[in-house]
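Numbers restart at 1 for each chain; the letters A, B, ... are given by sequence-line order, proteins then strands.
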Amino acid sequence: MRRLSPGSWEIPVTADRRMKVPARVYADEILAAPMAGDRSLEQLMNVAMLPGIVDAALGMPDIHQGYGFPIGGVAAFSLEDGGLVSPGGVGYDINCGVRLLAGSSAADLPQDIIRRVTARLAARCPRGGGKGAIKIFKEKSFRRLMSRGAETAVEEGFGTRADLDYCEDHGRLPADEDVVSPRAMERGISETGSLGGGNHFLEIGKVSALYDEKTARRWGLFQGQLTLMVHCGSRGLGHQVCSDYVRLFQQEKGPFPDRELAWAPADSSRGRSYIAAMNAAANFAYANRQILGASLSEALSQAIWEEARLHCDFRLLYDITHNMARREVHMVSGKELPCIVHRKGATRAFPASHMKGTAFAETGHPVFVPGSMGSSSYILRGTEKGLAETFGSCCHGAGRLLSRREALRRVDPGQLVKTLEREGIVVMGSAPRGLAEEAPQAYKDVSRVVSVLEGEGLAVIVARLEPLAVVKG
DNA sequence: ATGTAC
């Protein structure tokens with residue numbers, strides 16, 4: 001890798017010319033070090049070999065290896081040269097994302113109150129592997145949900161129409177539920193309004209620092225404010241859609257730089273079907289977060305009132321995805337170019353100029369960067385430089401440092417819960433093993449991750465959140 | 001990430 005600036009590196013096009021464009025990674029020395037120990041850079045070079053790729057294959061500071069395409073990876077493919085779509089470039093959890101609800105009150109609640117409030121919240125949230133749903137839809141309304149996303153959740157009584165203005169894509173992408181397999185649908189129908197497992201969580205937090213005060217004020221953020229964060233995705237439905245289409249695309253001869261990077265032209269019948277099915281899974285995920293956000297924030301308000309006699313209502317600040325491929329227009333070599341931008345473990349970070357006609361026309365939209373369990377989270381906004389340099393993209397979290405297996409080997413879950421409680425953080429897990437896999441030691445330092453992007457002028461840090469309680473899937 | 005495999 002060649003260093004371009006204090007926070008960026010380039011892997012130039014290789015002599016064999018298999019890479020069509022360079023790969024570019026955002027990191028300082030400390031975040032760059034673990035990249036030598038996994039396949040993330042090799043995977044990024046494979047992405048750079050895909051036909052129609054524009055400018056560079058990009059790696060965010062939280063990059064680590066994934067299925068075919070690294071998590072923390074961004075790649076845009078020109079629709080003028082055909083353009084391709086790859087399920088591996090989106091990931092198995094289609095439209096995994098984060099929703100943040102901001103409370104109307106600041107509060108300094110004692111830990112025993114937080115514990116009781118959290119227990120009430122946890123009791124209302126289906127989580128962990130397998131079935132469990134806040135609402136089981138009938139087939140007809142479930143189909144409607146797959147084509148209309150968060151709007152259907154609102155019509156079913158979860159939240160308000162105004163919430164849709166605070167969801168990316170207004171909580172809905174153009175989908176066709178007829179290209180979703182019956183098996184995928186079955187899996188989704190029994191999991192509508194559920195958190196899932198792995199790194200998915202609910203977090204009660206509070207605003208602990210304001211950096212860009214003007215923007216924070218515009219977004220209604222204030223010091224000490226209670227928050228509720230929801231991190232989850234499309235559950236078994238998205239997983240099944242991804243498996244179905246990876247298998248279908250792998251039937252073609254390629255050539256693929258890696259079988260896990262199987263792709264299809266976006267305008268082919270297979271490509272169009274995948275996009276329509278991916279969007280149906282994305283709509284399910286938007287609805288899933290709408291249902292969880294609306295019902296759990298209501299439960300949280302009620303619990304805070306009953307346990308602490310404090311009025312605290314929650315309103316949606318934003319809902320942002322970090323696993324999607326979408327059609328977007330970007331300026332490339334002074335020309336507007338329609339592309340399909342894949343972001344896997346990476347978010348959009350559109351500044352004001354790209355948010356005209358929305359609630360964030362003056363500021364750009366918020367980007368949520370949750371840290372690992374027990375560490376701070378950040379709220380960022382994108383910049384014009386980021387729009388030009390990364391297709392308006394940003395990191396999505398701390399980034400895994402240890403494999404799940406290695407984390408399990410090193411971490412004692414009981415000890416972990418005790419340590420976090422001593423730090424003043426209540427933890428409720430569904431499985432001890434899941435907790436160990438998500439231990440803070442298994443992740444990079446989220447503050448360093450966001451600092452790199454700010455240092456490169458790709459994002460502005462607006463606020464920091466401290467965790468009070470975590471409910472793990 | 002995931003009813004943790006074809």
Side-chain angles (χ1 to χ4, degrees), chain A residues 38-40 43 62-73 86-99 126-133 136 180-202 230-251 259-260 262 277-278 281-282 284-286 288-289 292 320-325 342-347 370 372-373 396-409 429-438 442-443 472-473:
Chain A
D38 75 5
R39 295 188 57 216
S40 52
Q43 291 182 331
D62 53 338
I63 193 170
H64 54 107
Q65 78 179 47
Y67 179 85
F69 191 113
I71 295 158
S86 171
V90 174
Y92 274 86
D93 193 2
I94 294 166
N95 187 7
C96 185
V98 174
R99 162 174 296 227
R127 61 207 161 95
K131 292 178 173 44
I136 306 275
V180 173
S181 68
R183 195 175 179 196
M185 244 185 76
E186 252 171 56
R187 290 180 71 174
I189 222 160
S190 59
E191 298 175 338
T192 313
S194 71
L195 191 65
N199 65 0
H200 291 163
F201 63 82
L202 307 174
V230 182
H231 175 207
C232 66
S234 52
R235 308 287 284 105
L237 193 157
H239 193 278
Q240 192 64 49
V241 166
C242 183
S243 327
D244 290 344
Y245 282 91
V246 163
R247 196 174 307 121
L248 180 72
F249 287 10
Q250 281 177 343
Q251 285 167 11
R259 265 180 71 75
E260 295 184 353
M278 169 184 64
F284 171 78
Y286 279 134
N288 192 28
R289 288 194 295 272
L292 288 172
I320 192 163
T321 170
H322 50 236
N323 277 2
M324 274 305 284
H342 293 60
R343 296 186 184 86
K344 181 186 188 182
T347 72
S372 57
M373 181 169 40
H396 86 307
R400 189 169 271 285
L401 192 59
L402 302 181
S403 67
R404 290 178 191 275
R405 175 201 288 264
E406 190 56 23
L408 275 177
R409 203 179 68 77
S430 60
R433 186 182 134 165
L435 279 178
E437 288 178 349
E438 296 304 317
Y443 282 87
K472 291 294 296 180

Can you tell me how far [atom2] of [N] sits from [atom1] of [X], to the nearest Å?
X      : N     : atom1 : atom2 : value
A/M278 : B/dA1 : CE    : P     : 19 Å
A/D244 : B/dA1 : CG    : C1'   : 15 Å
A/H239 : B/dT2 : NE2   : C1'   : 4 Å
A/K131 : B/dT4 : NZ    : P     : 10 Å
A/N199 : B/dA1 : CG    : P     : 3 Å
A/R405 : B/dT4 : CZ    : P     : 17 Å
A/N288 : B/dT2 : CG    : P     : 10 Å
A/Q250 : B/dA5 : CD    : C1'   : 14 Å

For A/E186, all residues meeting side chain to side chain contact (heavy atoms under 4.5 Å, CB included), sequence neighbours excluded: none
By the definition side chain to side chain donor-acceptor pair (under 3.5 Å), identify the one residue from A/H200, A/H322, A/H239, A/K344 that meets it with A/D93. A/H200
Verify the contact: side-chain N or O of A/R404 to OP1 or OP2 of B/dA1, cut-off strictly under 4.0 Å; return yes or no.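 Checking B/dA1 against A/R404, a side-chain N or O does come within under 4.0 Å of OP1 or OP2.
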Counting just side-chain N and O atoms, does A/R235 come under 4.0 Å of either OP1 or OP2 of B/dT2? yes
Heavy atoms under 4.0 Å, any strand shown: does [X] hit a base, just sugar-phosphate, or nothing?
X      : answer
A/E191 : sugar-phosphate
A/R183 : base
A/G129 : nothing
A/G66  : nothing
A/G233 : nothing
A/G197 : sugar-phosphate

Looking just at side-chain N and O atoms, do A/T192 and A/N288 make a donor-acceptor pair shorter than 3.5 Å? no
Distance-only donor-acceptor check, side chains A/H396 and A/H231, under 3.5 Å: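 No donor-acceptor contact under 3.5 Å links the two side chains.
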With salt bridge (charged side-chain N to carboxylate O under 4.0 Å, His left out) as the rule and sequence neighbours excluded, what pairs involving residues 235-244 of chain A come up?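 Checked against salt bridge (charged side-chain N to carboxylate O under 4.0 Å, His left out) - neighbours excluded - the pairs reaching residues 235-244 of chain A are A/E191-A/R235.
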Any idea which of B/dT4, B/dC6, B/dA1 is nearest the A/R247 side chain?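 So the nucleotide nearest the side chain must be B/dC6.
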